Amino acid sequence: MDDIFTLVKEGNALQVRVWLDNTANDLNQGDDHRFSLLHWAAKEGRLNIVDMLIARGVRINATNMGDDTALHLACSHGQQEIAKRLVHNKANINAVNEHGNTPLHYACFWGYDEIAEELINMGALVTIANKFDETPLDKARPQLREQLKERAIALARDLKKIPYKDRSWLGCKTRSRDATLSRHTGVEINQLDLNQTLSSSHSGLTRKGIWQGSEIVAKKLKIRECTVRMSRDFQEEFPRLRIFNHSNILPVLACCNKLPDLYIISQFMTHGSLYNVLHGETEIVVDQNQALRFALDIARGMDFLHSMEPMIPNITLNSKHVMIDEDLAKINIDDPKYSSNDVAINGIDEDLTARINMSDYRFSFHEKGKVYSPAWMAPEALQKKPEEINIKAADMWSYAILLWELETREVPFADLSPMEIGMKITLEDLRITIPPGISQHISRLLKICMNEEPGRRPKFDMIIPLLEKMRHSS
């Protein structure tokens, strides 16, 4: 079988779908020049594969070694429908590559009149100068130049030239990932440059380090005595956590399985967990729109995990097990050193993404029978044996608590100890209270998701459209 990049170039949609269905494959990986699958699909005009990748959560604004996005390539090769599809799915329309060129520069240079006009209608700026002080209008033929200039004026665009600035120092490029990262399974612990302890919890010791030039975290499972059988079970269960093909899942990259220690290795997230973002010391402001984005991200990730039935990964859903990632570097746009042009060019907007952390998976031999975060757990999950629990329904209850947390910015039952919380939920019907300030839509959704009868709670594919509607109307 040809490699995945060849399959995409040739438009072999069936084989590409088979490849994507393998959760161990990374749909954001790049080739030797960091061209991603989306780059090649856009360049070659494979609209069906572009749609397939977008539906799977591909990173729209990933860049190759020349800082080109997929939109650059679509506009360079006359792929109008693909360009429109990318922009409608939040492609940065004014993305700048290493030469300072935007997608509009290329549409103008190659004479793709319809694409150029469509880009302007969708927000492309005609006045961004590249390294050679040329704007897209300078690249266009005289007739197209006048046509685009008139269109920009009709849309009340400012025609003052935006000078080129070297923005490489901002660190706002999201590279396609090196394909070699997704091929590793086992590593030696001495291959990791572990230089900082991040946390120590009941489940393990988490340290930050460098592996293959990338920032990673290595979590050492806390086990009283690691046996050969545990090591064998670890090796068997670990591959289930290498879920690379969904943007709302943070996969485990590799493991170190060498007695007496078991390590799982994943990508380092600058902002840490959602719990840290909501309740810790952070510069991130989670407004209503961002809260809905996070809620939607988590719902999509859980829907994907539930689609893996009967092998649904054993994840206890709560804000501590959801990590916050970013597609572009976050910049305080109120800082006077950044102009509105910086914001327009770099596409600095809501690029934070919530990702369910697979390194918080509970192995079959790890912490058996122990409960550490009862505040987020369904009542039946605290009372019944694991095999008697409706996992999907219990996860929906946990999701409701998390949604409440996003809306209120409060820790559930913060004034009680975990033991008190567990006892009161099971014996005294302790439940979160919905404050009056929450919107009617969210309040109604919380009540539905926390139905006391597990079988009457919705599934994630049922609430995703509701969340999308709420977000677009907010």
Side-chain angles (χ1 to χ4, degrees), residues 274-275 278 291-292 294-310 312-322 354 356 360 362 367 369-470:
L274 177 59
Y275 185 93
L278 292 177
L292 279 172
F294 285 157
L296 192 51
D297 287 341
I298 298 164
R300 287 170 175 159
M302 291 304 298
D303 181 48
F304 180 81
L305 292 181
H306 283 185
S307 72
M308 300 174 71
E309 192 176 26
I312 300 175
N314 185 11
I315 293 286
T316 303
L317 180 61
N318 61 54
S319 58
K320 298 175 184 178
H321 298 167
V322 174
I356 298 166
D360 289 315
R362 294 188 67 168
E367 301 181 323
K370 295 181 180 179
V371 174
Y372 292 98
S373 300
W376 286 267
M377 295 180 67
E380 69 273 12
L382 295 169
Q383 296 171 305
K384 297 181 179 180
K385 297 177 181 178
E387 59 272 16
E388 298 173 348
I389 298 170
N390 180 335
I391 295 175
K392 292 183 178 181
D395 283 343
M396 183 54 70
W397 180 289
S398 299
Y399 178 80
I401 302 294
L402 207 156
L403 183 59
W404 175 91
E405 190 180 358
L406 279 167
E407 289 294 315
T408 64
R409 313 295 192 273
E410 296 179 8
V411 178
F413 315 120
D415 57 333
L416 301 174
S417 69
M419 180 176 290
E420 288 175 315
I421 294 171
M423 295 291 287
K424 287 180 178 291
I425 288 176
T426 56
L427 301 177
E428 301 177 19
D429 294 332
L430 175 67
R431 302 291 185 265
I432 57 170
T433 56
I434 301 175
I438 289 182
S439 75
Q440 290 184 350
H441 298 299
I442 294 292
S443 178
R444 192 177 301 118
L445 183 57
L446 285 172
K447 291 174 182 177
I448 294 171
C449 295
M450 294 181 66
N451 195 301
E452 294 291 337
E453 295 185 33
R456 300 187 65 177
R457 296 171 200 158
K459 292 183 171 59
F460 283 100
D461 61 355
M462 298 166 65
I463 69 169
I464 287 173
L466 300 177
L467 291 165
E468 289 175 336
K469 187 174 181 180
M470 285 186 224

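Owing to the predicted nature of the structure, the values given are computational and were not obtained by experimental measurement.
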*Asks:* Determine whether a donor-acceptor pair (N or O, by modelled atom type, separation under 3.5 Å) exists between the side chain of R362 and the backbone of I315.
*Replies:*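 Side chain of R362 to backbone of I315, a donor-acceptor pair under 3.5 Å: no, none is there.
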*Asks:* Stepwise, does the side chain to side chain contact (heavy atoms under 4.5 Å, CB included) test hold for E468 with R300?
*Replies:* CA-CA 11 Å; E468 289 175 336; R300 287 170 175 159; 2.9 Å; yes
*Asks:* Look up atom OG1 in T426 and atom CD in Q383, then write down how far apart they are to the nearest 0.5 Å.
*Replies:*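 Taking OG1 in T426 and CD in Q383, the distance rounds to 5.5 Å.
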*Asks:* Side chain to side chain contact (heavy atoms under 4.5 Å, CB included), that's the test. Do K392 and F460 meet it? Break it down for me.
*Replies:* CA-CA 9 Å; K392 292 183 178 181; F460 283 100; over 6 Å; no
*Asks:* Would you indicate whether the side-chain heavy atoms of L416 and L430 approach each other to under 4.5 Å?
*Replies:*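 They are in contact (side-chain heavy atoms under 4.5 Å apart), so the answer is yes.
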*Asks:* For S319 versus L402, what's the shortest heavy-atom pair and its separation?
*Replies:*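 So the minimum-distance heavy-atom pair works out to N-CD1, 3.8 Å.
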*Asks:* Considering non-hydrogen atoms only, spot the tightest contact between V411 and Y275 and give its length.
*Replies:*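 Looking at all heavy atoms of both residues, the closest pair is CG2-OH, 3.7 Å.
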*Asks:* Can you name the closest pair of heavy atoms from L467 and A299 and give their distance?
*Replies:*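 Scanning both residues completely, I find the closest heavy atoms to be CD1-CB, 3.9 Å.
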*Asks:* Find out whether K469 and H441 are in side-chain contact, i.e. whether some heavy atom of one side chain is under 4.5 Å from a heavy atom of the other.
*Replies:*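 Sidechains of H441 and K469: no contact.
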*Asks:* Under a 3.5 Å distance rule, please check whether S307 uses its side chain to pair with a backbone N or O of F304 as donor and acceptor.
*Replies:*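 Side chain of S307 to backbone of F304, a donor-acceptor pair under 3.5 Å: yes, one is there.
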*Asks:* Do the non-hydrogen side-chain atoms of I442 and L292 ever get within less than 4.5 Å of each other?
*Replies:*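 Yes, at least one pair of side-chain atoms sits under 4.5 Å.
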*Asks:* Does I448 reach the side chain of I463, with side-chain heavy atoms less than 4.5 Å apart?
*Replies:*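 Of all side-chain heavy-atom pairs linking I463 with I448, none is under 4.5 Å.
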*Asks:* Could you tell me the separation between the OG1 atom of T433 and the CD1 atom of I438, rounded to the nearest 0.5 Å?
*Replies:*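 One gets 9.0 Å once the value is rounded to the nearest 0.5 Å.
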*Asks:* For a side chain to side chain contact (heavy atoms under 4.5 Å, CB included) check, start with the C-alpha distance between I298 and L403, then their side-chain angles and the critical distance, and finish with the verdict.
*Replies:* CA-CA 10 Å; I298 298 164; L403 183 59; over 6 Å; no
*Asks:* Looking only at atom types and distance, does a side-chain atom of Y399 sit under 3.5 Å from a main-chain N or O of A295, one as donor and one as acceptor?
*Replies:*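 It does hold such a pair.
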*Asks:* Any carboxylate oxygen within less than 4.0 angstrom of a Lys/Arg side-chain nitrogen, looking at E420 and K424?
*Replies:*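 Looking at K424 together with E420, the answer is no, because their closest N to O distance does not fall below 4.0 Å.
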*Asks:* Out of curiosity, M450 CE to S398 OG, how far, rounded to the nearest 0.5 Å?
*Replies:*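 Here the interatomic distance stands at 9.5 Å.
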*Asks:* State, with a plain yes or no, whether a side-chain heavy atom of L317 is found less than 4.5 Å away from one of H321.
*Replies:*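 L317 does not reach H321 side chain to side chain.
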*Asks:* Mark yes or no for whether W397, through its side chain, and N451, through its backbone, hold a donor-acceptor pair below 3.5 Å.
*Replies:*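 Pair absent, no side-chain N/O of W397 close to backbone of N451.
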*Asks:* With a 4.5 Å cut-off on side-chain heavy atoms, are S373 and P418 touching?
*Replies:*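 Sidechains of S373 and P418: no contact.
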*Asks:* Between L446 and E407, is any pair of side-chain heavy atoms under 4.5 Å apart?
*Replies:*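 The answer is no, as the side chains (C-beta and beyond) never meet within the 4.5 Å cut-off.
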*Asks:* Starting at CD1 of I312, measure out to CG of L305 and round the result to the nearest 0.5 Å.
*Replies:*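 Spacing of CD1 (I312) from CG (L305) equals 8.5 Å.
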*Asks:* Taking atom CD as the centre, does Q440 end up with more than 12 heavy-atom neighbours from other residues, nucleotides or ligands that are less than 6.0 angstrom away?
*Replies:*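 Count not over threshold, so no.
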*Asks:* Taking all heavy atoms of M396 and all of K459, pick out the closest pair and write down the distance.
*Replies:*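 Minimum heavy-atom contact is CE-C, 3.7 Å.
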*Asks:* Just wondering, do W376 and P412 contact through their side chains at under 4.5 Å, heavy atoms?
*Replies:*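 They are in side-chain contact.
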*Asks:* Please round to the nearest 0.5 Å and tell me the distance separating atom CG of L382 and atom CD1 of I421.
*Replies:*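 It is 10.0 Å, given to the nearest 0.5 Å.
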*Asks:* Roughly how far, to the nearest 0.5 Å, is CG of D360 from CG of N318?
*Replies:*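 Rounded to the nearest 0.5 Å, the CG-CG separation comes to 8.0 Å.
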*Asks:* With a 4.0 Å cut-off on N to O distance, would you call E380 and R457 a salt bridge?
*Replies:*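 Yes, this pair counts.
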*Asks:* What are the two closest heavy atoms between I425 and F413, and how far apart are they?
*Replies:*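 Shortest heavy-atom separation between I425 and F413 comes out as CD1-CE1, 4.2 Å.
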*Asks:* Under the side chain to side chain contact (heavy atoms under 4.5 Å, CB included) criterion, do T408 and I432 qualify, and how do the steps go?
*Replies:* CA-CA 11 Å; T408 64; I432 57 170; over 6 Å; no
